[in-house]
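First the structure, in the form of C-alpha cells, and then the observations on it.
The structure presented is a predicted model; accordingly, all values stated were derived computationally and were not measured.
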Amino acid sequence: MSLVLVQDLHKDYETAAGAITVLKQVNFMMDAGDFVAIMGPSGSGKSTFMNILGCLDKPTSGQYMLDGHHVAELDGNALARIRNQTIGFVFQGFNLLSRTTLLDNVALPLVYSGVSKRERQSRAKALLEKVGLGQHIHALPNQISGGQQQRVAIARALVNRPRLILADEPTGNLDSVTSKEIMALFSALNTEGISIVLVTHESDIAAHASRQIRFLDGRIVHDERSQSTLSVTQTEEVS
C-alpha cells in the first residue's frame, strides 16, 4: 500500500476577482521510503500541493490518501493527530521558539501527544545528539548558527517518529556549505527508512532525492527517478 496516494486533485481559491485554479487534476503516488524533490517556478502550485500533503489545506476536489486514511473523511481531531504523529514538518524559517531551549523546542510536539516530561526530554536529547547538537541542549536558538537551527528543526520534526517528513525550502536561508550538510542529514534519514518530500528551487538540492517532480501551471509536467543519487558519503565529500 502506498504511503501517499493523490488522484485527480484540484484546488481553487476564491478571490474578489473570481476563482483562481492552483492545482489541476494532479495525480501522485509515493511509496514508503521514497525521497521526492518537488520543483517549479513561483506560482506553479508546489507549495499548495505541499500544504495539502501536510493536511494544512484541503483540495477542492479529488482524493488524498495518507498512510491508508482518506484524509477528506477525517475530522479536526483526527487531522491534528495525523499532523502530529504521522508527519514531521521542516520549514525554511526554522520556526523555533526564541526564548525556549533547544531541548524544549525539540520536545514541544510531544507535549501535545501526552508524553511524560522524562520521556520528552530523553527523546529530545537523543535526537539533538543525532543531529550533532548534544552539547548545546540548553542553548537558545539565537546562540547557534542558522545551519544548527535547521538541525534543531529537523530533530523536532523527528521527535514523534513520523513516517513522512515534509520539508519546504529547508536550505533556502543557508549558505552552500551548510546546505550540503543539511542535505547529507536528510539523505542519512532517508537511508533509515524515513520518507521525505522536499520543495526546492535549486537543482543541486533536488539531486539528493531519488525522484524529482516538476510543477508548472498547477500540473505535474515531469516525474523522474534519478539513475544515481548522491550518497551520504558523496555528499559529505563534496562539503
Side-chain angles (χ1 to χ4, degrees), residues 2-32 34-76 78-95 150 153-154 156-157 162-173 186 194-203 205-206 208-225:
S2 300
L3 176 62
V4 171
L5 178 62
V6 169
Q7 294 180 309
D8 295 326
L9 205 69
H10 192 94
K11 179 63 179 180
D12 294 330
Y13 285 110
E14 292 295 332
T15 70
I20 295 177
T21 299
V22 183
L23 295 175
K24 306 170 186 176
Q25 277 70 56
V26 173
N27 292 285
F28 173 75
M29 184 173 67
M30 177 180 177
D31 292 330
D34 270 357
F35 187 172
V36 180
I38 297 178
M39 303 185 71
S42 296
S44 61
K46 61 186 185 299
S47 293
T48 299
F49 182 64
M50 180 73 98
N51 286 338
I52 291 173
L53 290 185
C55 303
L56 300 172
D57 200 355
K58 294 182 178 180
T60 303
S61 62
Q63 177 178 276
Y64 173 31
M65 290 188 67
L66 174 61
D67 201 18
H69 300 284
H70 288 275
V71 173
E73 297 175 0
L74 302 178
D75 62 19
L79 284 172
R81 279 196 303 273
I82 211 166
R83 284 193 296 265
N84 183 254
Q85 298 173 8
T86 303
I87 305 171
F89 296 92
V90 180
F91 302 99
Q92 179 178 348
F94 317 140
N95 290 5
Q150 192 60 290
I154 293 170
R156 180 185 58 195
R163 298 196 64 196
L164 174 65
I165 288 182
L166 301 178
D168 191 1
E169 296 281 0
T171 61
N173 288 335
F186 276 121
I194 296 175
S195 306
I196 300 171
V197 178
L198 179 148
V199 167
T200 181
H201 283 96
E202 303 167 75
S203 58
I205 297 298
H208 290 79
S210 57
R211 182 179 172 195
Q212 290 85 38
I213 289 174
R214 183 174 293 274
F215 272 80
L216 182 66
D217 298 332
R219 301 181 187 273
I220 293 177
V221 296
H222 178 85
D223 185 348
E224 182 179 38
R225 288 197 175 273

Once rounded to the nearest 0.5 Å, what's the spacing between atom [atom1] of [X] and atom [atom2] of [Y]?
X: Asn51; Y: Leu166; atom1: CG; atom2: CG; result: 9.5 Å
X: Met65; Y: Met29; atom1: CE; atom2: CE; result: 12.5 Å
X: Leu3; Y: Arg163; atom1: CG; atom2: CZ; result: 5.0 Å
X: Leu23; Y: Arg219; atom1: CG; atom2: CZ; result: 10.5 Å
X: Asp67; Y: Ser2; atom1: CG; atom2: OG; result: 11.0 Å
X: Lys58; Y: Leu9; atom1: NZ; atom2: CG; result: 13.5 Å

Minimum-distance pair of heavy atoms, taken over all atoms of [X] and [Y]:
X: Lys11; Y: Asp57; result: NZ-OD1, 3.2 Å
X: Leu66; Y: Cys55; result: CD2-SG, 4.2 Å
X: Val26; Y: Val6; result: O-CG1, 3.4 Å
X: Pro162; Y: Gly88; result: CB-N, 3.6 Å

Is there side-chain contact between [X] and [Y], with heavy atoms separated by less than 4.5 Å?
X: Met39; Y: Thr200; value: yes
X: Val4; Y: Tyr64; value: yes
X: Phe215; Y: Val221; value: no
X: Phe28; Y: Ile38; value: no
X: Phe49; Y: Val199; value: no
X: Leu56; Y: Phe89; value: yes
X: Met30; Y: Leu164; value: yes
X: Pro170; Y: Leu198; value: yes

What I want to find out is whether Asp168 reaches Lys46 closely enough, with some N-O distance under 4.0 Å, to be called a salt bridge.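 No salt bridge links Asp168 with Lys46.
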Determine whether a donor-acceptor pair (N or O, by modelled atom type, separation under 3.5 Å) exists between the side chain of Gln25 and the backbone of Gln7.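 Side chain of Gln25 to backbone of Gln7: no pair is present.
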Can you list the steps and then say if Thr86 with His69 is a side chain to side chain contact (heavy atoms under 4.5 Å, CB included)? CA-CA 11 Å; Thr86 303; His69 300 284; over 6 Å; no
Inter- and intrachain pairs under salt bridge (charged side-chain N to carboxylate O under 4.0 Å, His left out), touching residues 15-27, at least two apart: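 Sorted pair list comes back empty.
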Check against salt bridge (charged side-chain N to carboxylate O under 4.0 Å, His left out), Arg81 and Asp75: CA-CA 10 Å; Arg81 279 196 303 273; Asp75 62 19; 5.1 Å; no
What's the verdict on side chain to side chain donor-acceptor pair (under 3.5 Å) for His201 and Glu169, showing C-alpha distance, side-chain angles and the deciding distance? CA-CA 8 Å; His201 283 96; Glu169 296 281 0; 2.4 Å; yes
Answer with yes or no whether the side chains of Asp8 and His10 bring together a donor and an acceptor at under 3.5 Å. no
Please step through side chain to side chain contact (heavy atoms under 4.5 Å, CB included) for the pair Ile87 and Leu53, ending with a clear verdict. CA-CA 9 Å; Ile87 305 171; Leu53 290 185; over 6 Å; no
Give the intermediate values and the outcome of side chain to side chain contact (heavy atoms under 4.5 Å, CB included) for residues Leu79 and Val71. CA-CA 8 Å; Leu79 284 172; Val71 173; 3.7 Å; yes
